[in-house]
Each structure stands twice: as C-alpha cells, then as structure tokens.
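Notes follow the structure.
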Amino acid sequence: MHYPFSDIEKQWQDRWSSEHTYRSTEDPSKPKYYVLDMFPYPSGTGLHIGHPEGYTATDIVSRFKRMCGYNVLHPMGFDAFGLPTERQAMVENIHPTVITERNVSTFMRQLQRIGFDFDWTRMVNTTDPEYMKWTQWMFLQIYNAWYDADKNKARPISELPIPEHLSDPLEIERYRDERRLAYIAHIPVNWCEALGTVLANEEVDEWVGKGYTVERRPMRQWMMRITAYAQRLLDDLQTLDWPASTVEMQRNWIGRSEGAEIRFPVADHDAVITAFTTRPDTVFGATYMVLAPEHPLVDRITTEEQHITVVEYRNAAALKSDLERTELAKVKTGVPTGAYAVNPATGERIPIWVADYVLAHYGTGAIMAVPGHDQRDYDFARKYSLPIVQVVGPGSIDDHALTEPGTAMNSENASVSLNGLSTDEAKRTISNWLEATGTGRARIQFKLRDWLFSRQRYWGEPIPILFFDDGTKRSLDLDELPLVLPEVEDFNPKGTVESALSTVDSWVNFTDPKTGKHARLETNTMPQWAGSCWYFLRYCDPENTDRFASTERERFWMGDSGVDLYIGGAEHAVLHLMYARFWHKVLFDLGHVSTAEPVKRLFHQGLILGEDGRKMSKSLGNVLNPDEVIDQVGADALRLYEMFLGPLEASKPWNTKGVEGITRFLDRVWRLVVADDGSLRTDLQDVAPTPEQDRVLHATIKKTREDIDALSMNTAIAQFMIFVNEFTGAEVRPKSAIERFLQCLAPFAPHIAEELWHRMGHTESIHLSAFPEVDETKLVQNEVEIVLQVNSKIRGKAVVPVNADQAAMEAIALADATVQKHLEGLTIRKKIVVPGKLVNFIAN
RNA sequence: GCAAGAGUGGCGGAAUUGGCAGACGCACUGGACUCAAAAUCCAGCGGGCUCAACACCCGUGCGGGUUCGACUCCCGCCUCUUGCACCA
C-alpha cells in the first residue's frame with residue numbers, strides 16, 4: 001500500500017502556511033539568492049502539467065539555498081492583462097476583473113497543492129491598480145527620457161538641449177517628441193479586424209493560425225525606441241549566463257551589420273537615393289537600383305510613362321501578406337520607374353526599379369543592386385536582362401553571383417582604385433573615398449526595429465497621457481497614478497481603430513483639474529509585455545506605496561548581478577527577454593535600478609509532451625491535469641517524476657508507468673522509517689554507519705549539492721534511489737544517515753521529508769535545517785577496481801589498494817591468467833599505467 | 001537557405017581535463033512470500049556465440065582520422081528538433 005500522501009501533504013501545506021515557514025528573510029549578515037519563475041498568464045483552463053516543471057526546479061533550488069543559509073526570494077505572481085481574458089469576458093459577459101480574480105484563485109489553489117515554497121505575501125498581479133501605477137510610472141519615465149548618443153545612455157527629457165533657433169513652445173515640444181524613448185508614429189501595422197487590435201509581428205502567427213485575418217494598415221501607434229539600445233543589448237549579452245541558443249537568437253534578432261550608406265543622385269532630378277550596403281567594395285558593380293514599393297521617393301521620380309505600371313505594382317504589393325512577399329515569392333518581380341540614378345563611383349546612369357524583394361523597413365528601403373556579387377540581384381538581373389558586371393575575382397559569374405570575399409577588379413575611377421585589393425581592404429578604401437567625396441559614409445545597421453507598444457484593447461494598462469485642444473499634451477504626475485480603467489458596458493471591438501475606452505466619453509473627455517484645460521485621454525492601452533518587464537522588481541518590495549520598490553530592498557535582492565536564476569520557457573527567448581532587458585536598461589540609465597541587466601542566469605525548461613510523444617493539446621486528447629495526478633499519487637510524486645523524467649532542458653514525453661516507479665521509490669523511503677503498523681521501525685537505531693553506508697551517504701550529499709547547482713535534478717534523484725537501495729538492504733539503519741538523507745530529499749519531496757523528519761523526533765521544520773556537509777574523507781575508498789588491458793582490449797579486472805604504485809599495478813596485471821594468455825608469445829613494447837584506473841600492455 | 005542544439009538497449013535516460021558504455025527508473029524474465037492474486041523482497045536483463053559457465057567477437061546515427069585507448073577530440077556526410085528566413 002502507498003504511504004498516506006494525501007493526509008500528510010495537506011497537513012504540512014497548512015502548517016507551513018500558518019507558521020510562515022517560507023517568508024523571505026532579509027538578514028544582512030547572510031548572502032541573498034533570488035530565484036525567479038516566469039509568472040504565468042492565469043488562463044481559464046487552469047494549470048497544465050508543464051507549469052510545475054519549471055516551478056519545481058526553482059522550488060528545489062530555493063529550498064536548497066535556504067538550507068544553505070541564504071536569504072531566499074522565490075516569489076510568484078500573475079501576468080493577468082491580455083486578450084484571452086478579455087475574450088473570455090465577452091463570451092461569458094462577465095467583467096475581466098472578475099474573470100481574472102477567478103482564474104488567479106484557481107491557479108493559486110493548484111499551485112499550493114504542489115507544495116511550492118512561494119512567499120505569497122509578495123504575490124503580484126499586473127492588473128492590480130497598485131501594480132499598474134508603477135507600470136504607468138515607468139512608461140512615463142521612458143516617455144520623459146531621450147537617448148544621449150554622446151554619453152551612450154538615456155537621460156531625462158528635461159536635460160535635452162534645445163537648439164537656440166527654436167522658441168515656439170509647440171516647436172520645442174515637437175523637437176522633444178521626436179527624441180523621446182516612447183513616441184507616437186504613423187506606420188503600417190498588423191491590424192486584426194476581428195480582434196479589434198494591432199498585433200506585434202511576433203503575435204501574428206499565433207492568431208492567423210487560429211483562423212483570424214491580419215492585414216497591414218498604417219495607423220497611429222505608440223513606439224518604444226529600443227533601437228537606441230541595440231548595441232548595448234548586443235554587447236551585454238556577453239555578460240550573461242544564458243543558454244547559447246537564446247543568446248544567439250537575440251543576436252540574430254538585433255541583427256548588427258557593418259557597411260556603408262551611399263548616396264546615388266537621381267539623374268535630371270534633385271532627389272538623392274541613399275542605399276545601405278554591407279559590400280561598399282562592390283559599388284563599381286552596381287548596375288541598377290531598387291526601391292521598396294513603399295519608398296517615399298517612388299512617386300517623385302517615376303516617369304509619366306511608367307506611372308500606371310508602378311502604381312499597379314505597388315497596389316498589388318500592398319495587398320500581399322508578408323508571407324506572400326517572402327516565403328512564397330521565390331521568383332522576384334519588379335517594374336522600372338523610368339528614372340535613372342548616377343553611380344557615384346562609375347559616373348554611369350543606372351536604371352531605378354521598384355521591387356518588393358527590397359523591404360521598406362530595413363536599411364533605407366533602397367538598395368544598390370550588384371548582380372555580380374549578390375544572388376538576389378543576380379536572379380533579378382537575369383530575369384529582366386539587366387547588366388551584370390564582375391568587380392570581385394577570382395571566379396566566374398556565368399552561373400551565379402560570387403558572394404564570397406576576394407580581390408577587387410574593374411573598380412577604378414579618376415580619384416580611387418580598388419583593383420587588386422582584398423575585400424576587406426577595398427571596403428576600407430572605398431569607405432574613406434565615400435566620406436571624402438561626401439557621397440557616403442561607413443555605417444552600422446541593425447535589424448532590430450522599434451517596439452510597437454500600443455494595443456486597441458480594453459484589458460491593458462491605460463497610457464497616462466493627456467492631449468489638450470491646443471495641440472499640447474502632458475503626462476500624468478505620480479500623484480495622479482494609477483490611471484485606472486473605466487467601467488464599460490461593452491468592451492467588444494467596435495469595428496473602429498480605437499479601443500473600447502473611446503466609448504466612455506466621461507473618461508476620455510474631461511477638464512484637466514491641474515491645468516483647467518479641456519483634455520482627451522489616450523485611448524490605446526499597453527501590450528501584455530509591459531507588466532512583465534519589471535515584475536521581478538516589484539517582488540522585492542511589493543507593498544511599497546512610494547516607489548516601485550525601495551532603493552534598499554531593490555539593491556538587497558537585485559544585488560550586483562540581478563536575478564540569480566530565472567527559469568521559464570524558450571518561447572520567450574526574444575520577446576519578453578528582450579523587452580525586459582531594454583526596459584531595465586532605461587531604468588538603470590535613469591538611476592532607478594542598480595544593475596544594467598535584470599537576469600544573470602537564465603534557464604529554459606523543456607516541454608512535457610503527451611504520452612504519445614506529441615505536444616499536449618486538447619484536440620489530441622493527450623492533455624494531463626496536475627490535479628488528477630496529485631489525487632492519484634500525491635504532490636511529491638508529481639514533483640519528483642517531472643524532475644526524474646530527463647534533463648530539465650529537454651522535451652520529454654510523459655509516461656504513466658514511470659510515475660509508478662517514482663511512487664514505488666517514495667513508498668520505499670517511507671518504509672525506511674515507518675513500520676507497517678505506522679510506528680517507527682525498530683531497526684532504525686542510533687548506531688554509526690558502516691564505511692560503505694557512510695560512503696553512499698556522503699556521495700549522496702555531494703551529488704545532491706552539485707546536481708542542484710547544475711539543475712541536473714534527474715541524476716540527483718537517481719542517487720537518492722541508490723541510497724534507498726543500499727539502506728533498504730541493511731539490517732540496522734543508522735538514524736543519523738537516514739536523517740541526512742531526508743535533508744537531501746527535502747527540497748525535492750518536501751512533504752514526505754518533513755513528515756518523516758518529525759516522526760524521527762524533530763520539532764523544527766526540515767526546510768529550515770542546515771543542509772548536510774560532505775565529509776570527503778568518507779568518500780575515499782581503500783581499494784579500487786582497475787582494468788587490465790592488452791593492446792587496449794580489456795582482458796581482466798583487479799582490485800588494488802587505492803595508493804598502489806605503478807610497479808605494483810603492473811605486477812598484479814602480469815599475474816592475471818587472462819592477461820598472461822593474451823601476452824603469450826608476444827613482447828611487451830610499452831606499458832601504460834594510469835593510477836586508480838588501468839594497466840595497458842602494448843605487445844606484439 | 002542560414003544559425004543553434006541533438007542522435008547511446010524494447011523505452012526514458014546516465015557516463016566529458018579521452019580510460020570498465022548502458023548508472024537510475026520503466027518494461028520484461030526467474031525466484032521468495034501467498035491457497036491464489038496484488039503488493040513487497042531477492043536476482044537477471046545491449047547483441048552474437050554457447051546446453052551452460054569461462055573465454056571470445058560485435059556494439060554509442062553513417063564514413064574517415066588522431067591516439068596505447070574515442071560516446072567523448074578532428075574532418076566529411078545523414079537524420080531529427082528549435083529558431084530565423086529576400087535583412088542588401
């Protein structure tokens with residue numbers, strides 16, 4: 001029969017809660033450890049089986065660190081703003097606040113059943129007005145800041161030098177607005193009519209996959225100037241202990257490329273086309289130019305004859321989705337504008353085309369096409385019979401473009417020659433020439449784009465900006481925050497580009513008490529990412545009403561390296577983790593936080609797949625509910641099983657038989673201490689462990705310590721099983737060894753460990769006890785088994801004293817019958833002796 | 001296409017300054033206990049050869065290489081997963 005997990009788990013959870021066992025301490029004499037989970041979105045479906053995986057891992061680490069004498073912060077909260085709640089509210093016709101409360105309480109109940117050591121007094125909820133207040137305040141910090149490129153940091157907008165020629169307040173305001181880190185722009189965005197909102201590029205796939213239609217539409221939007229931080233976001237990746245794949249993804253996302261921008265005058269026209277290229281050394285081979293269909297110069301330079309063709313082409317391109325313009329469109333299309341540009345290097349007139357293989361939002365939206373050395377340009381030139389010139393050798397451009405570096409050729413004019421130079425030299429030389437002649441300059445281009453920050457939804461943080469009738473505006477002061485959402489009758493999409501907030505006239509339209517002027521409030525709200533950019537700061541000091549967190553407590557917990565360990569899914573590798581880094585850096589520049597990076601060590605747990613090896617989903621019917629698993633086998637078994645399944649970072653399938661193996665193990669642990677009748681076992685005695693028992697015990701302590709630090713929970717549990725196998729077979733079970741084993745087990749299976757600890761006579765919680773130390777002397781073995789080899793093949797084994805010298809080992813090896821057999825008739829040419837490992841005779 | 005990571009028994013997985021491949025668990029087989037079953041306990045469990053033991057041979061995706069010795073290091077492939085994808 002199973003041990004009584006359902007009784008003891010509930011009982012200990014209640015007792016830990018009433019005794020505040022896991023209340024975070026802030027003892028300045030002890031070091032701190034901040035271990036963080038990515039907080040969940042409280043969906044209506046409740047916790048799924050994947051949630052406890054990462055949470056259990058952090059729970060183990062936090063319990064272990066607490067037992068090692070650290071002040072530990074292991075908090076939990078809810079990322080509760082977002083579209084699904086609003087949609088659920090619409091379906092059920094209940095206010096999102098109520099839905100959120102309901103979902104949060106379900107999540108909390110489920111989390112508590114698993115026995116996590118979260119300090120619930122520090123719980124945060126992004127929709128709580130007291131939390132929102134600081135999200136809005138931080139937004140305004142960003143809004144009221146500009147990026148000082150000289151000092152390479154953000155500074156308050158009040159410190160922005162205003163050019164002397166500006167005197168009109170509106171002009172000064174515009175000058176500032178153009179430099180704020182949060183600003184309004186009119187750009188094409190992903191608009192979803194059915195959802196009634198714009199979506200971030202990264203969100204589009206998800207909703208299109210669910211059958212929604214997303215179109216590109218130019219709209220007024222709030223943007224975050226994350227691009228100002230591109231270089232720092234890239235550089236600081238080196239300081240982080242993050243998964244290589246995530247660092248790589250962020251690097252790609254930032255997409256730094258070095259090159260030059262080159263100015264091409266339009267022939268017989270005053271316009272100039274600026275093109276960005278990473279290969280300025282090939283400028284002599286630029287035989288045509290291409291503008292993106294959306295490029296602002298297209299209208300100005302297109303000739304009368306080409307006008308209709310170009311307009312038609314542009315309209316067709318506008319209707320294409322991004323998918324059609326990229327993935328599906330392997331065949332490039334384009335039309336000539338009829339205009340010509342002058343290649344500044346060759347002085348030749350080259351035709352200007354419009355083609356949608358050039359993206360409006362990257363670089364300058366225009367390229368110099370070098371078909372000889374760029375495959376895309378090559379394909380296009382071949383299709384439309386444009387000239388192809390080779391300016392880099394060696395090799396032939398008969399079949400394809402030569403994109404590799406080489407030696408410049410055919411690249412000479414009256415004032416500069418690249419001929420004979422390597423690609424690197426040629427780049428330097430031409431960049432200097434461009435600069436000297438005013439036709440261009442070296443430049444670094446990033447792929448990263450500014451962050452689209454506004455949503456046209458109800459269920460998000462309102463943007464605290466007032467617009468006055470005279471065209472001026474002001475941001476709300478701290479004493480006016482939080483700006484809370486108004487009650488609405490109906491938050492369904494209105495088919496307009498404004499959120500449901502715009503329908504609440506009394507909220508939107510009012511007389512500003514501070515200025516006495518008539519004002520309109522911004523009706524856009526913030527995206528879900530906003531609240532998750534800084535929640536880890538709020539955990540440090542969640543009750544604070546004067547600041548998002550006091551300086552002292554922020555410094556105490558964020559220390560000099562920020563969050564010590566952050567565990568969450570890899571799906572946030574670029575979005576949340578990039579946004580949060582940016583947000584944190586702005587706060588850092590403005591002096592509000594003490595670290596340049598929020599998270600020192602990051603780890604992604606893998607997916608738990610269905611028993612069939614496929615991703616769990618409702619439609620496949622392979623979804624598991626943690627509540628059911630706990631009902632059947634208990635929380636400790638659920639925790640242990642999820643950890644034993646395999647490496648934390650790997651995706652691995654659930655296996656019900658495997659769960660049985662874990663329950664069997666826990667039953668064995670129970671029986672190590674408790675007899676069938678429920679009393680303490682009589683063979684549990686105050687005796688000294690045997691040397692072998694001591695060795696297993698200390699190996700277990702050592703492995704537990706090492707494996708928790710390495711997040712290798714599965715191998716620690718394997719060691720627990722070895723311990724239990726060893727001690728189950730013992731006639732007498734030394735109490736001291738069993739107790740120390742329970743302390744090792746405690747972070748993993750907190751309930752059973754606590755119960756047995758108390759049954760063995762302790763009155764204090766095992767989770768507040770000091771983690772056992774390793775006695776290395778107990779691990780030293782007197783004798784070791786070595787391998788005897790002849791010509792590198794294993795021919796025997798021998799047990800030798802651990803300190804046996806080479807001669808002794810050789811002698812033992814030579815005495816082995818099988819070794820002798822294999823050496824018969826051969827001469828030993830070489831002897832390899834590795835102390836404690838092997839003896840190898842090379843003979844022929 | 002580019003980038004990152006992975007490939008080990010029937011299954012999940014262990015093992016890295018190069019030194020006994022398969023720890024631990026699951027499944028399976030046998031035994032003990034039982035009238036019997038379940039549970040529990042004990043033992044076995046990569047493949048080949050062998051009645052069996054000893055001995056021997058093969059074996060970490062494939063093909064090469066370095067080395068006394070390679071799951072581990074190097075070169076070239078194949079497959080899978082994830083991410084990015086006309087980024088000039």
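Residue numbering restarts at 1 for every chain, and letters A, B, ... go by the order of the sequence lines. Nothing here was measured: the structure is a model prediction, and the numbers come from that model.
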Of B:A23, B:A88, B:G13, the nucleotide closest to the side chain of A:Val358 is B:A88
inquiry  = So A:Pro243, base contact, sugar-phosphate only, or nothing? Heavy-atom distance under 4.0 Å.
reply    = nothing
Among B:U40, B:A14, B:G19, the one nearest any side-chain atom of A:Arg671 is B:U40
- Message: Please give the distance between the C1' atoms of B:G7 and B:C62 as a whole number of Å.
- Response: 11 Å
The nucleotide from B:G12, B:C26, B:A4 with an atom nearest the side chain of A:Glu248 is B:A4
A:Lys652 has its side chain closest, among B:A88, B:G13, B:C41, to B:G13
Whole-Å distance, A:Asp816 CG to B:A55 C1', equals 12 Å
Which of B:G19, B:G25, B:C57 is nearest the side chain of A:Phe644? It is B:G25
Using a heavy-atom cut-off of 4.0 Å across all strands, would you classify A:Thr728 as base, sugar-phosphate, or nothing?
nothing
Quick note, A:Met721 side chain, CB onward, closest among B:G19, B:A55, B:G25 is B:G25
On RNA chain B, more 5' by nearest nucleotide between A:Ser712 and A:Asn252 is A:Asn252
- prompt: Using a cut-off of 4.0 Å on non-hydrogen atoms, how would the nucleic acid contact of A:Arg251 be classed: base, sugar-phosphate, or nothing?
  reply: nothing
Any base atoms under 4.0 Å from A:Arg664, or only sugar-phosphate, or nothing? Heavy atoms, all strands. sugar-phosphate
* **Pairwise C1' distance for B:A36 and B:A23, with rounding to whole Å** => 37 Å
Hey, are A:Thr246 and A:His604 close enough side-chain-wise for a donor-acceptor pair under 3.5 Å?
yes
Would you classify A:Lys447 as touching base, sugar-phosphate or nothing, given that sugar-phosphate means primed atoms plus P, OP1 and OP2, and contacts are heavy atoms under 4.0 Å? base
- Message: Measuring only the P atom in each nucleotide, how far is B:A21 from B:C33? A whole number of Å is fine.
- Response: 38 Å
task = Scan A:His822 against the nucleic acid and name what it touches under 4.0 Å (heavy atoms): base, sugar-phosphate only, or nothing.
result = sugar-phosphate
For the P atoms, the ones on B:G10 and on B:G61, what distance do you get once it is rounded to whole angstrom?
13 Å
Could you check whether A:Asn725 gets within reach of a base, just the sugar-phosphate, or nothing at all, counting any heavy atom under 4.0 Å?
-> sugar-phosphate
**Asked** Which part of the nucleic acid, if any, lies within contact of A:Gln789, taking any heavy atom under 4.0 Å across all strands shown: a base, the sugar-phosphate backbone alone, or nothing?
**Response** base
Going by atom types only, do A:Gln250 and A:Arg581 share a side-chain donor-acceptor pair under 3.5 Å? yes
Margin query: Distance alone, cut at 3.5 Å: any donor-acceptor contact between the side chains of A:Arg256 and A:Gln231?
Written below: yes
Residue pair A:Val800 / A:Glu783, side-chain heavy-atom distance below 4.5 Å: no
*Within the structure shown, what part of the strands sits under 4.0 Å from A:Glu785 by heavy-atom distance: base, sugar-phosphate, or nothing?*
base
Base, sugar-phosphate, or nothing for A:Ile367, non-hydrogen atoms under 4.0 angstrom?
-> base
The glycosidic conformation of B:G9, counting syn as within 90° of 0 and anti otherwise, is syn
A:Arg256 CZ to B:A88 C1', in whole Å, measures 17 Å
Query raised in the report: For atom P, what is the distance between B:U81 and B:G69, given to the nearest Å?
Result: 37 Å
task = Determine, stepwise, if the pair A:Thr333 / A:Tyr313 fulfils side-chain hydrogen bond (donor to acceptor under 3.5 Å, both in side chains).
result = CA-CA 9 Å; A:Thr333 59; A:Tyr313 182 80; 2.9 Å; yes
Does the B:C68 base have a donor-acceptor partner in the side chain of A:Lys830 within less than 3.5 Å?
no
Taking the same atom, C1', in B:C49 and in B:U72, what whole-Å distance lies between them?
30 Å
Between CG of A:Leu826 and P of B:C68 the distance, given in whole Å, is 18 Å
Worksheet entry | Distance between C1' atoms of B:C68 and B:G9 (Å, rounded) | 29 Å
Q: Assign A:Lys837 to base, sugar-phosphate, or nothing according to its heavy-atom contacts below 4.0 angstrom with the strands shown.
A: sugar-phosphate
- Query: Between the side-chain atoms of A:Lys831 and the base atoms of B:C68, is any donor-acceptor pair under 3.5 Å?
  - Reply: no
B:G76 -> Watson-Crick or G-U wobble partner, both distances under 3.5 Å, gives B:C62
Per atom distances to the A:Asn840 side chain, the nearest of B:C20, B:C24, B:C68 is B:C68
Pair A:Glu53 + A:Lys652: basic N to acidic O under 4.0 Å: yes
Using Watson-Crick geometry (N1-N3 plus N6-O4 or O6-N4) or G-U wobble (N1-O2, O6-N3), each under 3.5 Å, B:C2 is paired with B:G83
- request: Classify the nucleic acid contact of A:Thr246 as base, sugar-phosphate or nothing, counting any heavy atom under 4.0 Å across all strands shown.
  value: nothing
Quick note, A:Asn714 side chain, CB onward, closest among B:A3, B:C24, B:A14 is B:A14
Considering every strand and a 4.0 Å limit on heavy-atom distances, what is the contact class for A:Ile794: base, sugar-phosphate, or nothing? sugar-phosphate
Query raised in the report: Between B:U16 and B:U34, how far is it from one P atom to the other, in whole Å?
Result: 46 Å
When you measure from the centre of the six-membered ring of A:Tyr357, is the NZ or CZ of A:Lys332 under 6.0 Å away and within 45° of the axis? yes
Under a 3.5 Å limit on both distances, the Watson-Crick or wobble mate of B:A55 is none
Mate of B:G19 across any strand shown (Watson-Crick or G-U wobble, both atom pairs under 3.5 Å) is B:C68
A:Glu706/A:Lys703 ion pair, N-O < 4.0 Å
no
The Watson-Crick or G-U wobble partner of B:A43, with both key distances under 3.5 Å, is B:U29
Item to complete: Would you classify A:Ile842 as touching base, sugar-phosphate or nothing, given that sugar-phosphate means primed atoms plus P, OP1 and OP2, and contacts are heavy atoms under 4.0 Å?
Response: sugar-phosphate
Rounded to whole Å, CZ of A:Phe665 lies from P of B:C24 at a distance of 13 Å
Query raised in the report: Would you call A:Arg263 and A:Glu261 a salt bridge, using N to O less than 4.0 angstrom?
Result: no
